[in-house]
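Single-structure report; data block below.
Protein chains get the first letters and strands the later ones, always in sequence-line order, with residue 1 at the start of each.
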Amino acid sequence: MRAFKLEKIAIKARTHTCGELRAEHDGLTVTLTGWVDSRRDHGSLIFVVLRDVYGISQVVFDPSEDKQVYESARELKNEYVIKLTGKVRRRPEGMVNPNMATGEIEVVAQDVKILNRADVPPFPIVDDVDASEELRFRYRYLDLRRPELQKNIVLRHRAAQTVRRYLDGQGFFEIETPFLMRSTPEGARDYLVPSRIHKGKFYALPQSPQTYKQILMIAGYDRYFQIVKCFRDEDLRAERQPEFTQIDMEMSFVEEEDIFRIAEGLMRTLFDEVIGMSLQTPFPIISFDEAMQRFGTDKPDVRFGMEISDVSEFVRSSEFKVFSSTVAGGGIVAGINLKGGAGYSRKQVDGLNQFVIDLGGKGVLTAKVKEDSWDSSIRKFLTDAMISGINEKLAAEAGDLLILIAGEKMQTLTNLGKLRNKLARDENLISKEEFKPLWVTEFPLLEFDEEEQRYVAMHHPFTSPREEDLALFDSSPGKVKARAYDLVLNGYEIAGGSIRNHRLDIQMKVFNLLKIDDKEAREKFGFLLDGLRFGAPPHGGIAFGFDRLLMLLAGENSIRNVIAFPKTTSALSLMDNAPAEVSEKQLKELGLKIIASL
RNA sequence: GGGGUCGUGGUGCAGCUUGGUUAGCACACCGGCCUGUCAAGCCGGAGGUCGCGGGUUCGAGUCCCGUCGGCCCCGCCA
């Protein structure tokens with residue numbers, strides 16, 4: 001990839017790129033342009049490594065070849081931009097560098113021209129840079145000059161082209177949707193844009209093009225896609241940026257399986273063409289309930305085991321109050337088995353306990369499994385039958401560490417799920433080379449929001465309920481399942497979507513459950529509701545988190561390393577200092593006034 | 001909104017627990033030597049007042065409070 005040939009670029013200033021010269025070019029006179037990567041001065045022999053985005057080449061300045069050119073090389077410093085002409089020759093016996101793509105040859109300098117000088121950079125332009133991320137962000141143009149990041153950015157380009165080619169081949173049309181749209185209720189906090197022409201009114205930047213793509217289906221475009229920026233004004237994480245890119249898709253006349261096949265085909269093509277890895281399709285499917293039960297999360301990492309087991313049945317009548325009363329009160333006792341973890345020290349076990357307490361739980365109870373019994377503070381409260389039951393359920397063997405949590409069902413499972421991930425990281429149970437995608441389906445349509453004291457959509461308010469659950473709408477809305485699905489890869493949600501409501505009556509029923517009355521629905525989503533009245537086809541779609549997917553393809557653990565200009569965890573851009581104050585004049589034009597910042 | 005952690009020459013770190021000599025090391029940088037390096041080597045040199053503000057103290061990089069910023073996590077993210 002980095003040995004791109006110059007003939008394809010056709011720039012007069014140079015004849016070749018820094019990455020393309022090989023033994024076959026021996027004897028050729030070439031001109032290269034690029035940045036000085038390093039200079040090694042041997043007194044009367046100077047080596048300069050020249051770099052561009054395509055690779056690096058070694059240049060030799062030899063006074064016995066050309067005294068004057070040799071003298072001018074003494075002036076070269078790191079990151080100077082130069083144009084260099086010289087003769088390619090095979091390196092002498094024993095001097096070949098096998099770690100370098102161009103290591104068989106070197107260029108004997110005949111002429112060098114400094115196109116621009118450079119100050120000493122604040123950090124070296126090398127792959128294993130140890131500069132802080134803060135510094136790298138401030139000088140992002142230098143950071144982006146590092147081969148490692150250039151590789152990621154080029155990988156991103158390749159992936160985007162692959163997406164376009166694949167989806168075009170599947171009959172999708174790429175259609176742009178507005179960035180300036182109206183703010184809608186539900187979901188994430190919007191980024192707002194004040195209107196100058198209509199003072200006091202605001203546009204919102206899209207959290208996703210959701211309504212537009214549904215409108216496109218109603219308009220008959222059949223298959224739509226877009227590689228598009230989305231904006232959410234929420235707090236950041238290693239895998240979350242305030243603006244991020246989605247591969248957004250929507251299709252008419254489809255059911256879940258149709259979308260799975262397209263999404264799987266896209267994944268296969270991406271993994272094959274971008275990193276040369278073949279994925280097995282179809283991907284396995286598990287339900288939301290099963291994911292929660294076995295992994296304590298709706299985005300399980302299935303590259304390792306350590307699954308959660310519910311052991312409530314064994315301790316229901318235990319003398320240990322914490323267990324028996326939890327189960328009696330409708331809660332559960334569940335646990336995971338850290339194979340070979342019996343060697344954990346008191347301090348390590350305390351650490352696990354504190355981890356769960358920090359998550360808002362009550363802590364953990366542990367048992368070190370011995371040949372005939374347990375080494376545990378709760379041993380004395382449990383009968384032999386209880387212990388062997390739990391042992392069997394958790395597949396416990398001597399030398400294992402069992403970690404149990406008692407409490408409300410969802411919280412217990414969730415905390416065990418987080419503990420499971422933490423332990424896998426701590427114990428290095430995760431293979432870096434492996435990719436294990438799976439579909440998670442049968443999500444609840446709604447979840448109860450304690451803060452707002454009402455149901456909110458788990459996916460989004462346009463998601464269709466399952467036909468067979470319509471009867472539950474009035475009696476127990478919390479039990480209604482949605483026709484929604486997530487694609488999970490190695491513990492990351494990399495895509496999510498649903499079959500949408502194309503029938504107006506069902507859409508209105510969902511709005512009513514969300515406590516959005518007819519008037520508000522009409523006001524906020526009138527255009528979409530009207531559209532549903534004029535011949536809306538059944539439709540559904542999915543959106544991939546492009547940055548997250550690239551992070552996994554590139555083997556990075558932060559989304560920031562696959563985004564050219566990312567923001568910090570406090571949503572700042574350290575290079576250009578956004579966000580920034582604006583002039584009085586600008587505010588006045590917008591009819592805005594800043595109230596004292598708190 | 002909350003928790004954790006970090007902030008010391010250009011860069012990465014040590015020093016902080018037990019306040020007190022010229023704040024130490026490595027890399028980078030500058031000068032010199034060196035014809036086969038590719039983490040080049042050898043010799044020499046310059047460069048910091050410890051994120052910022054306040055406090056305690058005879059005395060603060062070191063203790064306390066606040067604040068700003070980076071990173072990680074919880075909440076949040078349909």
Determine whether any donor atom in the side chain of A:R40 lies under 3.5 Å from an acceptor atom in the base of B:C34, or the reverse, and answer yes or no. no
Only pairs at least two apart or in different chains count here, so list each side chain to side chain donor-acceptor pair (under 3.5 Å) that has a residue in residues 129-139 of chain A. A:E133-A:R560, A:E134-A:R138, A:R136-A:D143, A:R136-A:N561
Between A:R74 and B:C30, is there a side-chain N or O to OP1/OP2 distance below 4.0 Å? no
When only distance counts, do a donor and an acceptor, one from the side chain of A:R232 and one from the base of B:C77, lie under 3.5 Å apart? no
Whole angstroms only, please: what is the CG-P distance between A:L236 and B:C74? 13 Å
Mind checking A:F123 for me? I need base, sugar-phosphate or nothing, with any heavy atom below 4.0 Å counting as a touch. nothing
Describe the nucleic acid contact of A:R136 in one word from base, sugar-phosphate, nothing, applying a heavy-atom distance below 4.0 Å. nothing
Exercise: do A:Q241 and A:D547 side chains pair donor with acceptor under 3.5 Å: no
Checking all strands, does A:I46 fall into the base, sugar-phosphate, or nothing category for heavy-atom contacts under 4.0 angstrom? nothing
Distance check needed: B:A28 C1' versus A:I125 CD1, whole Å only. 12 Å
Heavy atoms under 4.0 Å, any strand shown: does A:P121 hit a base, just sugar-phosphate, or nothing? nothing
Looking at B:G51, does its base get a donor-acceptor pair with the side chain of A:E134 below 3.5 Å? no
In whole angstrom, give me the gap between the C1' atoms of B:G15 and B:A23. 8 Å
Rounded interatomic separation in angstrom, taking CG from A:N561 and C1' from B:C71: 13 Å
Please name the nucleotide paired to B:C71 by Watson-Crick or G-U wobble geometry with both distances under 3.5 Å, or report none. B:G4
Considering only the P atoms, how many Å lie between B:C64 and B:C72, rounded to the nearest integer? 27 Å
In plain terms, say whether A:K422 and A:D426 are close enough for a salt bridge, that is, a side-chain N and a carboxylate O under 4.0 Å apart. yes
Separation between the P atoms of B:G61 and B:U56, rounded to whole Å: 16 Å
Indicate, with a heavy-atom threshold strictly under 4.0 Å, whether A:S208 touches base, sugar-phosphate, or nothing. base
Could you tell me the separation between the CD atom of A:E133 and the P atom of B:G12, rounded to a whole number of Å? 12 Å
Please check if any side-chain donor atom of A:Q110 sits under 3.5 Å from a side-chain acceptor atom of A:D66, or the reverse. no
Considering only heavy atoms, which members of residues 477-499 of chain A lie under 4.0 Å from some atom of RNA chain B? none
Base, sugar-phosphate, or nothing for A:D41, non-hydrogen atoms under 4.0 angstrom? base
Under 4.0 Å between a side-chain N or O of A:K77 and OP1 or OP2 of B:C30? yes
Describe the nucleic acid contact of A:M458 in one word from base, sugar-phosphate, nothing, applying a heavy-atom distance below 4.0 Å. sugar-phosphate
Is the shortest side-chain N to carboxylate O distance from A:K515 to A:E452 below 4.0 Å? no
Determine, for A:E234 against A:R232, whether the closest basic-nitrogen to carboxylate-oxygen distance falls under 4.0 angstrom. no
Counting the atoms with a prime plus P, OP1 and OP2 as sugar-phosphate, which does A:T568 contact under 4.0 Å by heavy atoms, base, sugar-phosphate, or nothing? sugar-phosphate
Side-chain donor/acceptor contact of A:D358 with base of B:G4 under 3.5 Å: no
With the threshold set at 4.0 Å, does a side-chain nitrogen-carboxylate oxygen contact exist between A:E106 and A:R90? no
Report which part of the nucleic acid A:S558 touches: base, sugar-phosphate, or nothing (heavy-atom distance under 4.0 Å, all strands). nothing
Looking at every strand, decide which applies to A:E450 at a 4.0 Å heavy-atom threshold: base, sugar-phosphate, or nothing. nothing
Under 4.0 Å between a side-chain N/O of A:T569 and OP1 or OP2 of B:C71, yes or no? yes
Please state whether the base of B:G36 and the side chain of A:R89 form at least one donor-acceptor pair under 3.5 Å? yes
Give every residue pair that meets the salt bridge (Lys or Arg N to Asp or Glu O under 4.0 Å) criterion with at least one member in residues 478-489 of chain A, sequence neighbours excluded. A:E256-A:R483, A:D289-A:K481
Counting any heavy atom closer than 4.0 Å, what does A:P461 reach on the DNA or RNA strands: base, sugar-phosphate only, or nothing? base
Does B:U49 have a Watson-Crick or wobble partner in any strand here, with both distances under 3.5 angstrom, and which is it? none
Counting any heavy atom closer than 4.0 Å, what does A:S132 reach on the DNA or RNA strands: base, sugar-phosphate only, or nothing? sugar-phosphate
Give the rounded distance in Å between these two atoms: CZ of A:R237 and C1' of B:G3. 11 Å
Could you verify whether a donor N or O on one side chain and an acceptor N or O on the other, from A:R51 and A:Q150, lie under 3.5 Å apart? no
Once you apply a heavy-atom cut-off of 4.0 Å, does A:K422 come out as touching a base, just sugar-phosphate, or nothing? nothing
Side-chain-base donor-acceptor pair under 3.5 Å for A:N97 and B:C38: yes
Atom CZ of A:F355 and atom P of B:G3 are separated, to the nearest Å, by 18 Å
Report the distance from atom CZ of A:R51 to atom P of B:C38, rounded to the nearest whole Å. 19 Å
A:D130 near the nucleic acid: base, sugar-phosphate alone, or nothing, with a heavy-atom cut-off under 4.0 Å? sugar-phosphate
So how far is it from A:R182 CZ to A:F525 CZ, rounded to the nearest 0.5 Å? 8.5 Å
Once you round it to whole Å, what is the distance between P of B:G70 and NZ of A:K567? 13 Å
Does the side-chain ring of A:H42 sit on the six-membered ring of the B:A40 base, less than 5.5 Å centre to centre and under 30° in tilt? yes
